[in-house]
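All values below were derived from every heavy atom in this structure, side-chain atoms included, with hydrogens, water molecules and symmetry-related copies excluded. Numbering of ligands and ligand atoms starts at 1, following listing order.
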Amino acid sequence: MHFFLTLDKNGSVGFSPFREGNDQNSSVVSYLSVPLSCATIQAVQGQLCRRGPFDFWFKGSKRKDTKLEILKILKVFGWNESDLTWKECSPAPVIDQGPPEEQNNEVEKAFNQLTRGRQLSTGDLRGLARELKIKEDDIKRLAQANVEKGRAKWVPAVSPIGKGWRCQRCGERDVEEWPSQYEMAATCRSCESIGASTSLDALYRDEHSLLGGPSEVIFRPHWVLTDAQHLASEQVFEFIKDPCEETALLWAACGAGKTEVCFPSAAWALKQGKSILFAAPRQDVINDIAPRLHRDFPDYPFQVLSGTSSAKFQGGGMVLATTHQVLRFWRAFDVIFMDEMDAFPYSGSRALEWGLNHALRQGGKILYLTATPSSEGLKAVRQGKMRLIRLPARHHRTSLPVPIWVKSRITIDPNGCTSEWASQSILLRAQGPVLVFVPKIAWIDPWIKCFRQCFPGWQVDGSYSADPGRSSKIERLRQGEFDIFVSTTILERGITLSRIQVVVLGADHPVFDERALVQMAGRVGRTIESPVGSVLFMSKRMTKAMKTAVQWIEEQNKCALELGLIEA
Ligand SMILES: [Zn+2]
C-alpha cells in the first residue's frame, strides 16, 4: 500500500492513501505526484525532523521551502528529481452521494468495532471490506479518517531501524532484503504464514482496548472445582487483581484441568471492562477450549480465531486465538491466558513471543499455563520475577504415575523387537491398550510390522503427523480398537484415552526432552475409571531428560500430598 505526501494550507506535512484529502472539507492543498511507501515516508519524516523546524502533521512552515526540502531528501534516497513534482489539489469533485448517511454511519460503526485493538495488513483490510460489503477504497477512507482523528496509525509493515530492518507485526529483524524500483526493500518471512509483510506495505494499527467499559457477563460454570483447582483458582484471582504483578506461571499436573481454573478470573475481569485473550499455539487446543467457553459464558460474544487463515471479524471483549492470529492484535488485551506455552510452534519462536507481548496493553497481565514449563519460565520464577501457582493433582485425587526405566541391553532401534520387550508388552496389555511412542517417523512401520509378528492376534497400527489416515486412526484409538498403537510425539498432548498405558521406546533419544517425556507419561491415568496405569521408559541409557522428567512428576506428587490433594 502506498501513500501520497500532502501539504495543507498551513504548510503541515501529512500523508494519505488518496491524492486529495480524505473528505471535502480537507485542508490539503498539494500532494507529491508519486506515491511512496510508508517506510520511505517515515524516513523522510526522520530527515525533516533532523533538518529543521518541520513537524509532521502539526506545525506549519513555509510551504515552498518544505516542498524543496522533501525533494532534496528523496534525491538523497536515490529518487530522480524529474520523476517527482508537487501537484496542486483541485477543489474536491462532487462525486456521487453514495449510500445514504445512515448506512454510512452503520458501516463506520462496524469498522470501528471490528478493528479495535488490531493491526491489519492491506490484505486483512481487503478481507474486512469484503465482509462489510464495501469497496476497497471505502475501507481505506474509513481507516484514513481514523488516522486523521488520531484514533489509529499507519506504520510500515517492515521499518528501517538503524542499518537494518524490523517487522512491525512480529518484531523479526532477520528479514530478506531486496532492491525494489527506487529503494531497498525488505520482506519478513517469520510471519508470512498470515499474509505478506514487506517494507512497501503498511499496517493499520488501532490501539483501543476491545471493551469500551464494564460489560454484562453471565458466567454459569457447568462444573465444580476440585480442591486442587479451587486452591489454584484463588491464587489466579489474587494475581489478576494485584496491581503490581505482570506475569505468573500456572504449573499444573498433566490432566489436572488448568483451563477452567482461569474462568472465574476471566468473568471478573470482563465485568470490570478488561479485555481477555485465551491463546494457545495449536488449533486443536483452541477447538477444545471453545465449546467450554461457550458453555460457561452463555450468550457472551467472543471471537475464535484459529490457524493461519485470514481474519474473521467479530466483536466482543474476549478472544480465543492461536498465537499466529495474535499477531493481528496490538495493545488490545488487559489479561492474557497463554495455554501450553512450551508447545510448538510458540515455544522457541521469537516472532510469536513478541506478538503475544505486544498484544498486551500497558499494565496488562499474562498468565502462562503449562504442565511442562520452559527453562526461561522456571528461571523467572527462581529469580522472583514471576509468581508460581501450582496445580499438582488430578480431579480423582490419585497420584500421577511415575515412569519406570526398563534398561535395555542393546540400543533400541527400528530393526529389532526383542523378547525382553515382548514380555513387557504382554504385561502392560493386561491393564489396557498400549500407546508406544517412538522418536522418529522412520521407526513406525518397522515396529508395527514387528509387533504384528510377535502378537498375531492383536490389532496393531500407528500414525505420524503427515499420515493421510491420521484422524480416522486416532478416532479408532479413542474407541479403544487397538491393542498397540505406535506414534511419534504427535500424540504427546491434548488426548485423553481411557485405560491407556504408555511405553517410550528409545527414551534416551535426543528428540525426547524432559517436557516431551512428562507429556507422554501424562497420557496415563487421566480418567476416574482408570486413575492408575504404567509408564515405561525403555532405553539403553538413562539421560538427564529422563531423570528430570521423573523428578518433575515425583515433585508434583509430593506437593499434592503435602497439600492434602491426593490420597496417601
Ligand atoms: Zn514479521
Practice item. Compute whether any side-chain donor of one residue and acceptor of the other, for Q383 and K385, lie under 3.5 angstrom apart. Key: yes

Review point. Does the side chain of Y368 pick up a donor-acceptor pair with the side chain of D342 at under 3.5 Å?
Key: no

Point to revise | Matching residue for D206 among Q119, R151, R118 - test: side-chain hydrogen bond (donor to acceptor under 3.5 Å, both in side chains) | key: R151

Check your understanding: Does atom CZ of R295 have more than 12 heavy-atom neighbours, drawn from other residues, nucleotides or ligands, at distances under 6.0 Å?
Key -> yes

Practice item. Just jot down the ring pair (Phe, Tyr, Trp, His ring centres under 6.0 Å) partners of F263, sequence neighbours excluded, or say none. Key: F278, F297

**Study point:** Ring center gap for F302 and H294 short of 6.0 angstrom
**Key:** yes

Practice item. Spell out the protein N/O/S atoms under 2.8 Å from the Zn ion (ligand 1) as residue plus atom name. Key: C167 SG, C170 SG, C188 SG, C191 SG

